[in-house]
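Working notes, beginning with the structure itself.
Within every chain, numbering begins at 1; the chains are lettered A, B, ... in the order of the sequence lines, protein sequences first and strands thereafter.
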Amino acid sequence: MSDLIEEFRWRGLLQDLTDGAAEHLAAGQRTCYVGFDPTASSLHVGSLLPIMALVHAQRHGHHPIALVGGGTGLIGDPSGKTEERRLLSLENAAANAEAIRAQLQRFLDFGSRNNPARMRDNLDWLGEIRMVDFLRDTGKHFRVNEMLRKESVRRRLQSGDTGISYTEFSYLLLQAYDFLELHRREECTVQLGGSDQWGNITAGIDLIRRVTGVSAHGVVLPLLTTSTGVKLGKTETGTIWLDPTRTSPYRFYQYWINATDDDALRYLRLFTLLEQDEVVRVGEAARAEPAARHAQRAVAEDMTWRVHGEDGLTRARLATRALFGGSLEGLTADEIADIFTDVPWSEVPLGELAGDGTSVVDLLVGARLAGSKSAARRAIEGGGIYVNGRCVEGVDARATAREAIDGRFLVLRKGKKNYALVRLIRGGP
RNA sequence: GGUGGGGUACCGAAGCGGCCAACCGGGGCAGACUGUAAAUCUGCUGGCGUAUGCCUACGGAGGUUCGAAUCCUCCCCCCACCA
């Protein structure tokens with residue numbers, strides 16, 4: 001068995017592990033699982049770390065299990081939350097679980113002969129369990145005294161007014177029970193997760209030991225922030241999702257391209273499957289030729305391909321080259337339409353551009369590049385607004401039909417990298 | 001329950017009758033420099049067909065005043081100490 005923990009270590013994926021976990025994983029083919037919460041209908045960049053942990057586990061010959069929390073999602077994990085969660089409806093949780101399942105498929109190899117990935121949903125067992133059985137067989141192993149000492153519970157008890165409901169208080173038991181159930185059904189002995197899951201994971205380990213006498217193990221990953229302290233996968237404009245309808249492949253690609261140099265080098269280790277010497281090589285290339293953004297590019301290409309496939313990557317590249325490489329000049333309207341499928345757009349009747357045209361301020365607000373007319377005027381005054389790549393001078397500027405590319409589009413840009421497309425549609429004002 | 005201190009824009013925090021759409025810091029946006037980095041520097045940071053104009057806004061509701069974020073009354077919420 002190759003050394004999974006050693007790989008976690010050099011990649012910066014290791015926050016903490018239980019005693020003996022490294023030896024356990026090194027000594028044979030094990031079954032490892034990670035739980036994914038279906039609170040949203042898509043995973044986001046923040047979930048990529050545990051996914052990659054599972055990917056590495058599989059590459060090292062272990063059996064990976066992705067557990068979708070169709071059951072636990074109905075309860076809500078209090079870890080890291082300061083307030084009680086709103087309960088998901090049964091249908092929502094099921095739909096979300098299904099969507100997440102599809103996203104996980106892209107990362108893991110389900111067809112492997114030796115160690116195919118498996119997908120499980122804990123609703124399969126949690127949904128059928130009988131209350132009385134659960135309390136007798138599982139509840140008996142938990143001391144409330146200890147549960148009260150758990151960080152996630154204590155914080156909620158101290159926060160006073162909201163407190164914690166019995167429902168969320170029980171969450172720990174359910175997740176512990178998941179581990180036990182996977183141990184019984186799939187011989188799973190290792191759980192991976194974010195470091196906020198430590199308490200839940202150790203609870204599962206304890207339960208397995210009490211019920212079966214077997215020592216199971218846990219490995220937790222660090223909670224990452226960018227070098228500027230922002231939670232990974234969050235930007236000013238919102239979360240970066242894996243779902244292409246929520247975050248377009250182009251935006252997804254751009255998220256990685258825009259990483260700072262330091263972050264990009266870390267991401268190389270955390271998110272790509274490049275070997276150690278390759279990481280070093282890319283790092284050196286990046287240092288020697290910073291403008292080429294070798295590290296950012298490598299991460300962006302790799303992740304976009306993995307999440308959005310060859311097609312998504314091609315589109316993201318095409319758009320990026322057009323928007324940041326050369327100019328828009330020389331592109332046909334069809335090419336523009338294609339490049340900008342991922343960029344926000346608005347529609348304006350062609351007739352409004354007739355004569356002396358329509359005001360750029362209004363176009364900006366319409367395309368949501370500016371929150372208000374005042375903001376649009378300020379942006380123009382600051383020199384940060386471009387129509388078809390030409391800087392707009394003066395707040396009174398107007399756009400006319402003559403400027404429209406092929407009579408079909410206007411390309412608005414705010415700053416260096418915020419684009420919006422105005423589609424001109426038939427009809428008068 | 002008592003006493004004291006507070007609630008101001010995205011956050012922190014000044015202002016304490018007109019000069020207040022509200023100092024300052026952070027954040028955000030834009031510009032310069034660069035490499036679609038970082039750091040640094042500059043400008044902007046309520047809305048409105050740009051207006052010595054109007055509207056909205058200093059916890060909420062009333063009131064005093066020519067005029068209130070600023071004073072008064074009641075209410076709500078937070079914090080500290082006491083019970």
N or O in side chain of [X] less than 4.0 angstrom from [N] OP1/OP2:
{"X": "Ser372(A)", "N": "C48(B)", "value": "yes"}
{"X": "Lys373(A)", "N": "G49(B)", "value": "yes"}
{"X": "Lys417(A)", "N": "A37(B)", "value": "yes"}
{"X": "Ser374(A)", "N": "C48(B)", "value": "yes"}
{"X": "Arg413(A)", "N": "A30(B)", "value": "no"}

Is there a Watson-Crick or G-U wobble partner for [N] with both distances under 3.5 Å, and if so, which one is it?
{"N": "A21(B)", "value": "none"}
{"N": "G4(B)", "value": "C79(B)"}
{"N": "C10(B)", "value": "G26(B)"}
{"N": "A69(B)", "value": "none"}
{"N": "U40(B)", "value": "A32(B)"}
{"N": "G53(B)", "value": "C48(B)"}

Q) Is it true that a side-chain atom of Gln175(A) and a backbone atom of Asn200(A) form a donor plus acceptor pair closer than 3.5 Å? A) no
Regarding [X], tell me which of base, sugar-phosphate or nothing describes its non-hydrogen contacts under 4.0 Å with the strands shown.
{"X": "Asp362(A)", "value": "nothing"}
{"X": "Ala259(A)", "value": "sugar-phosphate"}
{"X": "Arg293(A)", "value": "base"}
{"X": "Gln296(A)", "value": "base"}
{"X": "Gln254(A)", "value": "base"}

Q | Closest non-hydrogen atom pair, Val422(A) against Leu412(A) | A | CG2-CD1, 3.6 Å
Q: Give a yes or no on whether the ring-centroid distance for Trp345(A) and Phe409(A) is below 6.0 angstrom.
A: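 Aromatic pair excluded; centres sit 6.0 Å or further apart.
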Between [X] ([atom1]) and [N] ([atom2]), how many Å, whole number?
{"X": "Arg297(A)", "N": "A37(B)", "atom1": "CZ", "atom2": "P", "value": "12 Å"}
{"X": "Glu393(A)", "N": "A30(B)", "atom1": "CD", "atom2": "P", "value": "18 Å"}
{"X": "Tyr267(A)", "N": "A37(B)", "atom1": "OH", "atom2": "P", "value": "15 Å"}
{"X": "Asn258(A)", "N": "U36(B)", "atom1": "CG", "atom2": "C1'", "value": "5 Å"}

Q | Carboxylate-amine/guanidinium contact Glu347(A) Arg408(A), below 4.0 Å | A | no
Q. For Asp19(A), does the CG atom sit with more than 12 other heavy atoms under 6.0 Å from it, leaving out its own atoms?
A. no
